[in-house]
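Below is one structure, written out as structure tokens; the observations come after it.
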Amino acid sequence: MFWFLLITMVVVVAAVTLAVVGGGDGEVLPEVAPEQLVDPLPVARPVDRADVEALRLPVAPRGYRMADVDDVLVRLGAELAERDARIAELEEALAGAGGTGDAGAEGGEK
């Protein structure tokens, strides 16, 4: 009985292995086209929080596709640099306008 079970188990394992590996000439799994970034960040307007939250990067066999991740990071970096420059410009304008107005108001209160 032991030998029968052992031989049966070896035959079943061999059959499953051949089925998984694909013992025939035909392709077991067809080639799949690589995923592409379907909905990239908007070009016509600045990126907002909802755009970043909705962004889904395609997955590759070893993680994410580097080209898509690089494109997104470059775009977000450019947007942040532009916003930082605009904030600095507005703060400078506010300090210039506020500095002259505050000095007169402080002098009047004393």
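All of these numbers come straight from a predicted model, not from anything done at the bench.
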Which residues pass the side chain to side chain contact (heavy atoms under 4.5 Å, CB included) test with [X], sequence neighbours left out?
X     : answer
Arg45 : Pro42, Asp48, Asp51
Leu80 : none
Glu82 : none
Leu6  : Phe2, Trp3, Met9

Requested in this report: State, with a plain yes or no, whether a side-chain heavy atom of Leu76 is found less than 4.5 Å away from one of Leu41.
Outcome: yes

Query raised in the report: Got a sec, which residues hit side chain to side chain donor-acceptor pair (under 3.5 Å) with Arg75, two or more places apart in sequence or on another chain?
Result: Glu79

Query - Contacts of type side chain to side chain donor-acceptor pair (under 3.5 Å), residue Glu92, not counting sequence neighbours - result: none

Requested in this report: State the CD-CG distance between Glu91 and Asp84, to the nearest 0.5 angstrom.
Outcome: 9.5 Å

Query - Under 4.5 Å side-chain linkage, directly or through intermediates, the cluster mates of Val11 - result: Ile7

Query raised in the report: Closest approach of Val69 and Tyr64, non-hydrogen atoms and distance?
Result: CG2-CB, 3.7 Å

